[in-house]
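To start, the structure itself, in structure tokens.
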Amino acid sequence: MSHIAFIGLGNMGAPMAHNLLKAGHELAVFDLSNSAVQGLAGAGARPAPSAIAAVEGASVVISMLPASTHVHGLYLGQQGIVPHIADGALVIDCSTISAATAQAVAAALSARGLQTLDAPVSGGTAGAAAGTLTFIVGGEAETLERARPYLSAMGTNIFHAGGSGAGQVAKICNNMLLGILMAGTAEALALGAAHGLDPKVLSDIMGKSSGRNWALEVYNPYPGVMENAPASRGYTGGFGVDLMHKDLGLAAEAAIAARCAVPLGELARNLYGLHSLSGAGAMDFSSIIQPLLKDQLY
Ligand code: NAD
């Protein structure tokens with residue numbers, strides 16, 4: 001069993017760390033939120049007073065932070081952990097961040113002779129709790145084989161997208177498509193409901209027709225259509241509007257870097273941005289249907 005440092009114990013990181021503990025690993029944990037650290041300490045992890053203290057002596061370092069700026073600060077900032085990571089350690093960042101930041105962090109770690117992967121995830125908080133996440137990995141194939149036992153303790157599907165940063169590119173392509181599909185699904189359901197259709201019946205019709213998609217069938221945005229979807233619990237406990245807005249911003253950045261057009265991705269980014277400005281930033285992203293519902297328009 002390995003000595004793992006886990007940094008970032010939020011909605012995703014905490015359940016992922018719990019699954020590593022359940023698999024029998026020793027964990028040193030750090031988060032800026034003391035209550036998040038105490039939650040893991042209660043389950044048997046060693047609370048560390050700083051990120052530097054967490055990584056000292058660890059053979060594996062895993063991070064799960066909100067955005068590029070946090071990951072850049074953790075590894076490369078003034079109190080960055082890169083010089084403090086033990087020789088020979090394996091480093092896995094699971095945050096969804098820009099490919100450029102992932103590559104900059106990987107370059108600094110490689111310069112120290114450390115093996116590293118970008119390994120963003122898909123599957124949401126439910127997948128993190130159940131240990132059924134999908135990992136989308138960028139880095140060397142040999143490093144992925146070394147990481148596989150740890151990733152398998154937290155997820156069921158592991159894809160090798162390519163070299164350093166490729167995991168992040170694949171992840172944001174997926175999330176750009178998801179953001180567009182959710183906005184389109186919301187529009188179609190709101191239009192049908194405005195004409196008096198039962199949104200459940202309309203969902204069943206589209207689910208067996210050419211408009212079928214994951215947002216409609218697994219994560220339906222219309223309240224009450226799907227018992228376990230965030231829409232049926234006040235748009236709580238899912239993937240936040242602000243995180244979707246961040247990911248669509250990453251897609252826009254990637255498009256500029258590759259001189260590529262993403263018109264629907266940009267439109268979706270603006271829709272989620274406006275929705276966030278209206279006060280919905282912390283709600284689940286399927287709440288993008290709310291401004292479209294007829295009785296809120298008139
Ligand atoms: P979150 O905001 O719930 O958790 C982030 C945690 O990081 C917080 O506890 C925060 O205190 C901590 N943190 C921030 N800076 C830190 C630092 N310098 N040192 C230590 N701790 C620090 O976010 P989340 O929902 O867990 O998402 C994490 C990442 O996973 C994001 O990149 C997100 O896009 C991605 N993601 C989220 C979901 C989801 O459904 N929530 C799904 C897939 C991917």
Side-chain angles (χ1 to χ4, degrees), residues 5-19 27-40 45 47-55 61-82 84 92-99 101-102 105 118-137 154-155 157 167-168 170-179 182 214-215 218-219 229-230 235-251 272 281-287:
F6 202 110
I7 299 165
L9 306 165
N11 289 333
M12 296 294 286
M16 290 165 72
H18 274 288
N19 283 327
L27 254 65
V29 293
F30 177 70
D31 192 291
L32 296 178
S33 152
N34 190 45
S35 62
V37 172
Q38 291 315 319
L40 262 294
S50 67
I52 290 174
V55 302
V61 174
I62 301 177
S63 50
M64 188 51 159
L65 301 182
S68 301
T69 175
H70 308 90
V71 174
H72 188 276
L74 174 71
Y75 287 93
L76 305 175
Q78 275 194 338
Q79 296 290 306
I81 59 175
V82 170
H84 303 274
I92 308 169
D93 178 48
C94 297
S95 326
T96 302
I97 60 169
S98 73
T101 304
V105 169
D118 47 287
V121 305
S122 183
T125 48
T132 57
L133 290 171
T134 294
F135 284 92
I136 308 167
V137 177
M154 302 181 282
N157 298 304
Q168 298 295 351
K171 166 71 183 171
I172 55 159
C173 289
N174 179 73
N175 276 27
M176 183 179 79
L177 180 59
L178 172 64
M182 183 57 81
W214 187 90
V218 180
Y219 212 97
Y235 300 100
T236 58
F239 180 54
V241 169
D242 282 345
L243 286 178
M244 175 52 87
H245 184 241
K246 173 205 63 160
D247 288 358
L248 289 163
L250 292 174
Y272 290 99
M283 295 174 87
D284 182 75
F285 80 114
S286 62
S287 65

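One-based numbering, in listed order, for ligands and for the atoms of each. Just so it is clear, the structure is predicted and the values come from calculations on it, not from any experiment.
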Between the side chain of N175 and the main-chain N/O of M244, is any donor-acceptor distance below 3.5 Å? no
Decide side-chain contact (heavy atoms from CB on, under 4.5 Å) for H72 and I97; before the verdict, give the C-alpha distance in whole Å, the side-chain angles of both, and the deciding distance to 0.1 Å. CA-CA 10 Å; H72 188 276; I97 60 169; over 6 Å; no
What protein heavy atom lies closest to atom 40 (O) of ligand 1? Include the residue and the distance to one decimal. G124 CA, 3.5 Å
For N174 and S122, the nearest pair of non-hydrogen atoms, with its separation, is ND2-OG, 4.2 Å
Identify, by atom number and element, the atoms of ligand 1 in contact range of M64, meaning under 4.0 Å from any of its heavy atoms. 29 (C), 30 (O)
For atom 43 (C) of ligand 1, what's the nearest protein heavy-atom neighbour? Residue, atom name and distance, please. V121 O, 3.5 Å
Do you know the tightest heavy-atom contact between S63 and Y75? OG-OH, 2.7 Å
Around atom 3 (O) of ligand 1, find the nearest protein heavy atom and jot down its residue, atom name and distance. N11 N, 2.9 Å
Taking every heavy atom of A54 against every heavy atom of A5, the minimum-distance pair comes out as O-CB, 3.3 Å
Shortest reach to atom 37 (C) of ligand 1 by a heavy atom, considering only M12, Q79, H70: M12
Ligand 1 to L243, heavy atom cutoff 4.0 Å, flagged ligand atoms 25 (O), 34 (O)
Per-atom contacts of ligand 1 with L65, taking only distances under 4.0 Å to non-hydrogen atoms: 7 (O), 13 (N), 16 (C), 21 (N), 22 (C), 28 (C), 29 (C), 31 (C), 32 (O)
Can you name the atoms of ligand 1, numbered from 1 with element, that are less than 4.0 Å from a heavy atom of K246? 31 (C), 32 (O), 33 (C), 34 (O)
Does some non-hydrogen atom of L74 fall short of 4.0 Å from ligand 1? no
N/O of K171 under 3.5 Å from N/O of ligand 1, yes or no? no
List the atom of L27, the atom of A17, and the distance in Å for their closest heavy-atom pair. CD2-O, 3.5 Å
Kindly determine whether I81 and I7 satisfy side-chain contact (heavy atoms from CB on, under 4.5 Å), including the steps that lead there. CA-CA 11 Å; I81 59 175; I7 299 165; 4.3 Å; yes
For atom 4 (O) of ligand 1, what is the nearest protein heavy atom, given as residue, atom name and distance? G10 CA, 3.2 Å
Donor-acceptor check, side chain of Q168 to backbone of S95, threshold 3.5 angstrom: yes or no? yes
Taking C-beta and beyond as the side chain, do M182 and F239 meet within less than 4.5 Å on heavy atoms? no
Mind checking whether T96 has an N or O less than 3.5 Å away from an N or O of ligand 1? yes
Which heavy atom of A128 sits nearest to which heavy atom of N19, and what is that distance? O-ND2, 2.9 Å
To the nearest 0.1 Å, how far is atom 8 (C) of ligand 1 from its closest protein heavy atom, and which atom is that? D31 OD2, 3.5 Å
Atom indices of ligand 1, in the order listed, that fall short of 4.0 Å to a heavy atom of F30: 19 (N), 20 (C)
Closest protein heavy atom to atom 18 (N) of ligand 1, given as residue, atom name and distance to 0.1 Å: L32 CD1, 4.1 Å
Which is it for I7 and ligand 1 at heavy atoms under 4.0 Å: side chain, backbone, both or neither? side chain
Counting only N and O atoms by type, is there a donor-acceptor contact under 3.5 Å from the side chain of S68 to the main-chain atoms of S98? yes
Could you establish whether P66 and ligand 1 come within less than 4.0 Å of each other, counting only heavy atoms on the residue side? yes
If we number the atoms of ligand 1 from 1 as shown, the ones under 4.0 Å from a heavy atom of T125 are 40 (O)
Does atom 23 (O) of ligand 1 have a protein heavy-atom neighbour under 4.0 Å away? no
Answer yes or no: is there a donor N or O on one side and an acceptor on the other, between the side chain of K171 and the main chain of D247, under 3.5 Å? no
